[in-house]
Amino acid sequence: MIRGVIALLLTLIAGTAYAGCRTESSCFEPHIYHQIDNGKVVSVCTNYPESHWKHRRCRMAANRHFRDECNEYREKARRAKSESKRKRFKRLQGAYCSFRY
């Protein structure tokens, strides 16, 4: 009886981990880890092993994210009122626009 209840609880818990998903990969949302060094994006997605499918998904998501960041900082630099903000936004724009997967 107790074994049956435990088995049922484990089934319910495991079932909610990917609720609405057929597989882990269909619901995977990568955490895009990166660093900026010398004005360039480096060490992208090092939180996943290189040979793992999660690493590839992370790199693809990073490419989209960095493209969006590039456009955002380009626009911020264009609209900046002060020279110091414009320089900072240009520097970040250069970093994010330099990333190519």
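For the numbers below, each heavy atom of this structure counts, side chains included, while hydrogens, waters and symmetry mates do not.
- Under the rule for a side chain to side chain donor-acceptor pair (under 3.5 Å), the partners of R78 that lie at least two apart in sequence or sit in another chain are E75.
- Take R86 and apply the side chain to side chain donor-acceptor pair (under 3.5 Å) test, not counting sequence neighbours, and it matches E83.
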Using residues 38-53 as the side-chain source, report each donor-acceptor pair under 3.5 Å to any protein atom, sequence neighbours left out, with the distance given to one decimal.
residue : atom : partner : partner atom : Å
N47     : ND2  : H31     : O            : 3.0
Y48     : OH   : H31     : N            : 3.1
H52     : ND1  : K54     : N            : 3.1

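- Applying the side-chain hydrogen bond (donor to acceptor under 3.5 Å, both in side chains) test to pairs two or more places apart or on separate chains, those with a residue in residues 88-98 are H34-Y96.
- Side-chain contact between P30 and M60: absent, with no pair of heavy atoms (C-beta onward) separated by less than 4.5 Å.
- Nearest heavy atoms, F99 versus A62: CE2-C, 4.4 Å.
- Distance SG/C70 to CZ/R67: 10.0 Å, rounded to 0.5 Å.
- Under the side chain to side chain donor-acceptor pair (under 3.5 Å) criterion, D68 pairs with no residue, sequence neighbours left out.
- With sequence neighbours excluded, the residues forming a salt bridge (charged side-chain N to carboxylate O under 4.0 Å, His left out) with K76 are E72, listed by chain and number.
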